[in-house]
**Student:** 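Could you have a look at this structure, given as structure tokens, before my questions?
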Amino acid sequence: QVQLVESGGGLVQAGGSLRLSCAASGRTFSSYTVGWFRQAPGKEREFVAVIKWFVGTTHYADFVKGRFTISRDNAKNTVYLQMNSLRPEDTAVYYCAASVHIGDYSDYDRYDYWGPGAQVTVSS
């Protein structure tokens, strides 16, 4: 009943910025935890950022603190990931994920719904 679609990926030079969007359909995010994960070739899927929709609290992985910002737009039922000061090591497929009743927000196995992913490539 929940469908997620990411958009806003692409190619950017190191030091540049991109904004990813995660739009939901079927149900609203009102009671959900919504997270961003990424996976580079040959690497494990890793937690990037999360927002608890109802209260608006956010958490970030250490490697993106000060560079990435997660936010929400209630009217559009959309979550954003603003990515600044991008580095080549940020290159990955970025996934939006959502679920209710999540305890450990950094564990991707806890999320019930996933978007298809958006490619982000950062050139040196």
Side-chain angles (χ1 to χ4, degrees):
Q1 294 186 11
V2 177
Q3 296 83 42
L4 307 176
V5 179
E6 304 93 342
S7 62
L11 175 65
V12 65
Q13 292 186 342
S17 299
L18 287 173
R19 189 180 74 164
L20 301 180
S21 299
C22 174
S25 62
R27 302 183 72 174
T28 67
F29 281 138
S30 60
S31 62
Y32 280 71
T33 295
V34 183
W36 287 96
F37 292 79
R38 70 186 189 186
Q39 188 167 23
K43 296 184 178 180
E44 297 289 330
R45 186 168 298 189
E46 61 185 353
F47 166 76
V48 176
V50 66
I51 185 167
K52 298 180 180 180
W53 191 276
F54 187 73
V55 296
T57 56
T58 60
H59 303 275
Y60 298 90
D62 288 341
F63 55 80
V64 303
K65 287 181 178 178
R67 300 190 298 124
F68 292 8
T69 303
I70 188 170
S71 62
R72 72 195 194 281
D73 186 324
N74 291 343
K76 296 181 178 180
N77 204 38
T78 298
V79 170
Y80 303 97
L81 184 68
Q82 179 67 45
M83 304 184 293
N84 299 326
S85 301
L86 284 163
R87 306 163 180 167
E89 54 263 40
D90 294 319
T91 296
V93 176
Y94 284 71
Y95 298 92
C96 176
S99 188
V100 295
H101 310 303
I102 291 180
D104 184 358
Y105 54 80
S106 65
D107 184 356
Y108 61 81
D109 286 333
R110 304 296 183 94
Y111 289 80
D112 294 322
Y113 308 103
W114 291 83
Q119 178 69 49
V120 172
T121 302
V122 184
S123 62
S124 61

**Student:** Report yes or no: do V5 and V93 belong to one cluster of Ile/Leu/Val/Met/Phe/Trp/Tyr joined by side chain heavy-atom distances under 4.5 Å?
**Tutor:**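 Hydrophobic grouping puts V5 apart from V93.
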**Student:** If you count heavy atoms of other groups shown closer than 6.0 angstrom to CD of E89, is the number above 12?
**Tutor:**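 Enclosed.
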**Student:** CG/D90 to CZ/R38 distance, rounded to the nearest 0.5 angstrom?
**Tutor:**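 So the CG of D90 and the CZ of R38 are separated by 4.5 Å.
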**Student:** Not counting sequence neighbours, which residues clear ring pair (Phe, Tyr, Trp, His ring centres under 6.0 Å) with F47? List them please.
**Tutor:**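 F47 satisfies ring pair (Phe, Tyr, Trp, His ring centres under 6.0 Å) with F37, Y105 once adjacent residues are dropped.
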**Student:** Who pairs with R45 by salt bridge (charged side-chain N to carboxylate O under 4.0 Å, His left out), at least two apart in sequence or on another chain?
**Tutor:**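 Expected list: none.
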**Student:** Looking at CG of N77 and CZ of R72, how far apart are the two atoms once the value is rounded to the nearest 0.5 Å?
**Tutor:**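 Spacing of CG (N77) from CZ (R72) equals 11.5 Å.
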**Student:** Determine, using the 4.5 Å side-chain heavy-atom cutoff (strictly less than), whether V2 and W36 are members of one ILVMFWY cluster.
**Tutor:**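 Yes.
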**Student:** Could you pull out all residues at least two apart from D62 that satisfy salt bridge (charged side-chain N to carboxylate O under 4.0 Å, His left out)?
**Tutor:**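 Only K65 meet the salt bridge (charged side-chain N to carboxylate O under 4.0 Å, His left out) criterion with D62.
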**Student:** Over all heavy atoms of both residues, which pair between V34 and A98 is shortest? Give the atoms and the distance, please.
**Tutor:**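 So the two residues come closest at CG2-CB, 4.2 Å.
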**Student:** For a quick test of your reading: what N or O donor-acceptor pairs under 3.5 Å do the side chains of residues 117-124 make, sequence neighbours left out?
**Tutor:**
| from | atom 1 | to | atom 2 | distance (Å) |
| --- | --- | --- | --- | --- |
| Q119 | NE2 | A92 | O | 3.4 |
| Q119 | NE2 | T121 | OG1 | 3.3 |

**Student:** Is it possible for you to say whether F54 and I51 belong to one hydrophobic cluster, with membership spreading through side-chain heavy-atom contacts below 4.5 Å?
**Tutor:**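 Not linked; separate clusters.
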**Student:** Just jot down the side chain to side chain donor-acceptor pair (under 3.5 Å) partners of N84, sequence neighbours excluded, or say none.
**Tutor:**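 Only S17, Q82 meet the side chain to side chain donor-acceptor pair (under 3.5 Å) criterion with N84.
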**Student:** Could you tell me which non-hydrogen atom of R87 sits nearest to which non-hydrogen atom of F63, and how far apart they are?
**Tutor:**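 The pair with the smallest heavy-atom distance is NH1-O, 4.0 Å.
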**Student:** For residues D73 and Y80, report the shortest heavy-atom separation together with the two atoms involved.
**Tutor:**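 The answer is CB-CE1, 3.8 Å.
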**Student:** Go through the structure and list residues passing ring pair (Phe, Tyr, Trp, His ring centres under 6.0 Å) with F29, not counting sequence neighbours.
**Tutor:**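 F29: ring pair (Phe, Tyr, Trp, His ring centres under 6.0 Å) contacts with W53.
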**Student:** Distance check, rounded to the nearest 0.5 Å: D109 atom CG versus D104 atom CG?
**Tutor:**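 Here the rounded value is 10.0 Å.
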**Student:** Over all heavy atoms of both residues, which pair between C96 and L4 is shortest? Give the atoms and the distance, please.
**Tutor:**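 Taking C96 first and L4 second, the nearest heavy atoms are O-CD1, 3.7 Å.
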**Student:** Do F68 and L18 sit in one hydrophobic cluster, given that two such residues count as connected whenever their side-chain heavy atoms are within less than 4.5 Å of each other, even indirectly?
**Tutor:**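 Yes, F68 connects to L18 through the hydrophobic network.
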**Student:** I need the minimum non-hydrogen distance between T78 and S21, along with the two atoms involved.
**Tutor:**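 Smallest interatomic distance, heavy atoms only, reads CG2-CB, 4.1 Å.
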**Student:** Could you state the interatomic distance from OH (Y111) to OH (Y95), rounded to the nearest 0.5 Å?
**Tutor:**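 Answer for the OH-OH pair, Y111 versus Y95, is 15.5 Å.
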**Student:** Kindly work out whether a path of hydrophobic side-chain contacts (I/L/V/M/F/W/Y, heavy atoms less than 4.5 Å apart) joins V79 to W114.
**Tutor:**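 No; W114 is not reachable from V79 via cluster members.
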**Student:** Of the non-hydrogen atoms in Q39 and K43, which two are nearest, and what is the gap between them?
**Tutor:**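 Closest approach of Q39 to K43, heavy atoms only: NE2-O, 3.2 Å.
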**Student:** Look at the side chain of S30 and the backbone N and O of T28, then say whether any donor-acceptor pair between them is shorter than 3.5 Å.
**Tutor:**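 Not confirmed, S30 side chain does not pair with T28 backbone.
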**Student:** For R110 and I102, indicate whether the former's side chain and the latter's backbone hold a donor-acceptor pair under 3.5 Å.
**Tutor:**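 Answer holds: no.
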**Student:** Roughly how far, to the nearest 0.5 Å, is the OG atom of S99 from the OH atom of Y108?
**Tutor:**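 Going from the OH atom of Y108 to the OG atom of S99 covers 15.5 Å.
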**Student:** What's the spacing between S7 OG and R19 CZ if we round to 0.5 Å?
**Tutor:**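 The distance works out to 8.5 Å.
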